[in-house]
Structures are given as structure tokens and as C-alpha cells.
Amino acid sequence: MKKKKAGEELALRIDGKAVAAKIKAQVAGEAAILAEKGIAPGLAVVIVGSDPASRIYVNNKKKACQEVGIYSEEYALPEGTTQEELLALVDRLNHEPKISGILVQSPLPKGLNESALVEAIDPKKDVDAFHPYNVGKLMQGRQIFLPCTPAGVIELLKSANVEIAGKSCVVIGRSDIVGKPMAMLLMQNNGTVTICHSRTQNLAEICRGADILVSAVGKAGFVTGDMIKPGAAVIDVGMNRDESGKLCGDVVFEEAEKVAGCITPVPGGVGPMTIAMLMQNTVTAAKLQNGIS
Ligand code: NAP
């Protein structure tokens, strides 16, 4: 990543759809090889209530399963479903041979205990890699499943030939599903990682020191052009709606692309990668459950 000067060309736009398509093609190939051995990877998706965004995500996941040749089952349960009913379903899916991976779509309606449900999933079927067992494995660098969104980010960086080793990486956000595992994966790839959050002081200054800046805040317009080091790789995990209801990320794209070396758009950046990595994990789960490494 070299220093940019005024008047230089815009940042390279990393095409998440294209990279995801490549990964899904590889996964489809692996699924076809498994099929020859009589093994069919299967994903069960559990959705509770009627959150419109969750519905879109679940539909996209089912569509991706069809594309790559993964069998899928959807359990769309009404708002009033109890914790006991959900636990019973997860237990049944844990023992169902047709199902290699189980995913409980977040957010769940109020009153349901999401952590308890995730902990009830057999870690060998935990394709989101949210179970504490899999989180612990990730901490030790011995993971079975890569956390989908952060793993997708690493693939995007690799696709743009961004070197991570020895680079200064800043992750904004410390959630269990994005920020923390993102930091772990960057560190596993030998980046020097700083995690920022809502209590961080001098956030803009810290960001300006980043060779790789990953934003996972969930606030439109959060990362402005003056927070970016010239030539940096900027990965926008945020998925927000602007005033007109249009999907957008955390980064002010028009400003950032004038400064960054490469950048992911929203939509069409990290989003498609999350689903591609989920497909990869489901095939990995099927292999694991059938003694194939
Ligand atoms: P989250 O659980 O709400 O976490 C947001 C993080 O941002 C928190 O750690 C929070 O800090 C930090 N934050 C909030 N305001 C801040 C501020 N003013 N300054 C610095 N840090 C601030 O969200 P999430 O689940 O990680 O998701 C983040 C975004 O990524 C959302 O837009 C979500 O929709 C999107 N997402 C996208 C994908 C995808 O596939 N593209 C997947 C997952 C999530 P504190 O911890 O101090 O509160």
C-alpha cells in the first residue's frame, strides 16, 4: 500500500459479489465430490418472528444453498415460540443426520435467550462459529469453523493482495459476532491489531494510523475520509439504511475512495462473503461429521 497523492486515481473497489461467487463455486465443487460419496451437506435455518431484515437474510442463505448444492431446511416459527420449544428443536436438529449445520437467525424476539440457544447447538454443527467452544478454539488458533463475516473480510483482503502481516489493523466495533473475531483473525494473519469501541478516545487519530481499517459499528456516515490513511485498505462491514431507506455502510464511500488504496462497497462488499463462508462451513461440518478432513 503506497502513499496516495492528491489527484491520484480512486481506490480499487473490491467486488465482494465476484469473490463470493468464486468461493461458492469451490464449495459447489466440494459438495459434488461429497455427493459422489453419498454425503449431502445440509443446513437448518431457524427463524423466529417476522423481522423483515432477518427474512431477507434467511432467503439469501436458502438461495445460496440451492446454488451450491447444499440441502436446506427452514424452520419459520411464530413470534410467541418459547425457549423450551426452540431448545427442543435444536436438540432434534443436533441428532438429525441430514443436518450438518444449524443456524439460529439473529435477532430473536425479546424474552428468548439467544446465548442459551447457541450453547445448545452441537459445536460440530455450529456453522456460525458462535458457540463458546468454537470461540475458544478461535482464540487458540485451532478453529474448526471460521466466523463467517470476519473470514469473508480476510478473503476480500487477500483478493485485493493486501498484505496483513506486520500491518497496523484497526477494527472499529467489539461485538462477539464481528469485532472480536475480526481482531482475532487479523492477529492470526500476523497483523498488529487495535480494537476501538464507543469508549475509545482519539478514535479518528487511531484510524488514521491504520493500514487496514475495518468498520463494524452500524452507523451510517461514521467513517469519514479524514479518518483514513492514504492508501489504506478500508473494509466496511456496516449495514445501515440512509435517510431515503437505501442500504449503506458505515463509511462515507465518496470521501473514502479518494483516500483509500482499496475499499469495499455496501452493498456488494462484505455481505455476499458472509453467506459464501457459511456455505463453506456447512460443507466443512458435513466432512467433519463423516470423518473426512
Ligand atoms: P453491535 O453488536 O451493535 O456492535 C457495534 C459496535 O460498534 C460496538 O462494539 C460498539 O461499541 C461500537 N460502536 C458503537 N458506536 C460507536 C462509536 N460512536 N464509536 C466507536 N464505536 C462505536 O453490531 P454488530 O453486530 O457487530 O454489527 C455491526 C454492523 O455490521 C451492523 O451494521 C451490522 O448490520 C453489520 N453486519 C454486517 C454483516 C455482513 O454480513 N455484512 C454481518 C454482521 C453484521 P461498544 O461495544 O462500546 O458499545
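Atoms within a ligand are numbered from 1 in the order they appear, just like the ligands themselves. Side chains are part of it too, since the values below use all heavy atoms of this structure and drop only hydrogens, waters and symmetry mates.
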Can you tell which of Thr81, Leu108, Leu93, Leu103 makes a side-chain contact (heavy atoms from CB on, under 4.5 Å) with Val46? Leu93
To which of Leu247, Val237, Ile275 does the heavy atom nearest atom 41 (N) of ligand 1 belong? Val237
Atom CD of residue position Gln140 - does it have more than 12 heavy atoms of other residues, nucleotides or ligands inside 6.0 Å? yes
Short side-chain donor-acceptor distance under 3.5 Å, Ser106 and Glu114: yes
Ion pair present between Arg55 and Glu74, side-chain N to carboxylate O less than 4.0 angstrom? yes
Given that the side chain starts at C-beta and the backbone is N, CA, C, O, which of these parts of Leu203 lies under 4.0 Å from ligand 1, counting heavy atoms, or is it both or neither? side chain
Short list, please: which atoms of ligand 1 are under 4.0 Å from a heavy atom of Asn240? 32 (O)
Suppose we measure from atom 21 (N) of ligand 1 to each protein heavy atom; which comes out shortest, and what is that distance? His197 C, 3.1 Å
Using a 6.0 Å cut-off, check whether atom OH of Tyr133 has over 12 heavy atoms from anything other than its own residue. no
Going by the 4.0 angstrom heavy-atom rule, the piece of Asp250 near ligand 1 is neither
Under a 4.0 angstrom heavy-atom cut-off, which atoms of ligand 1 come close to Ile177? 25 (O)
Under 3.5 Å: N/O of Met239 near N/O of ligand 1: yes
protein heavy-atom neighbour closest to atom 42 (C) of ligand 1 works out as Thr149 OG1, 3.3 Å
How far is atom 46 (O) of ligand 1 from its nearest protein heavy atom, and which residue and atom is that? Arg174 NE, 2.8 Å
Ile14: which of Val234, Val270, Ile235 passes side-chain contact (heavy atoms from CB on, under 4.5 Å): Ile235
Just which atoms of ligand 1 are under 4.0 Å from any heavy atom in Phe222? 17 (C), 18 (N), 19 (N), 20 (C)
I need the contact type for Val217 against ligand 1. Using non-hydrogen atoms and a strict under-4.0 Å cut-off, is it side chain, backbone, both or neither? both
Please check if any side-chain donor atom of Gln143 sits under 3.5 Å from a side-chain acceptor atom of Gln188, or the reverse. yes
Which residue supplies the protein heavy atom nearest to atom 39 (C) of ligand 1, what is that atom called, and how far is it? Thr274 OG1, 3.6 Å
of all protein heavy atoms, closest to atom 31 (C) of ligand 1 is Gly218 CA, 3.6 Å
Would Lys287 and Glu30 count as a salt bridge (charged side-chain N to carboxylate O under 4.0 Å, His left out) here? Give the steps. CA-CA 10 Å; Lys287 286 184 181 168; Glu30 287 182 58; 2.7 Å; yes
List ligand 1 atoms under 4.0 Å from Gly271, heavy atoms only on the residue side. 40 (O), 41 (N)
Indicate whether the side chain of Gln105 and that of Lys61 have a donor and an acceptor atom separated by less than 3.5 Å. yes
How far is atom 11 (O) of ligand 1 from its nearest protein heavy atom, and which residue and atom is that? Ser198 N, 3.3 Å
We want to know whether Thr192 and Ser168 form a side-chain donor-acceptor pair, criterion being a heavy-atom distance below 3.5 angstrom. no
Nearest non-hydrogen protein atom to atom 12 (C) of ligand 1, with distance, is Gly173 CA, 4.1 Å
Logged contact type for Lys219 with ligand 1, heavy-atom cut-off 4.0 Å, is side chain
Looking at Gly152, Gly179, Ala216, Ser175, the heavy atom closest to atom 6 (C) of ligand 1 belongs to Ala216
Ligand 1 to Val178, heavy atom cutoff 4.0 Å, flagged ligand atoms 26 (O), 43 (C), 44 (C)
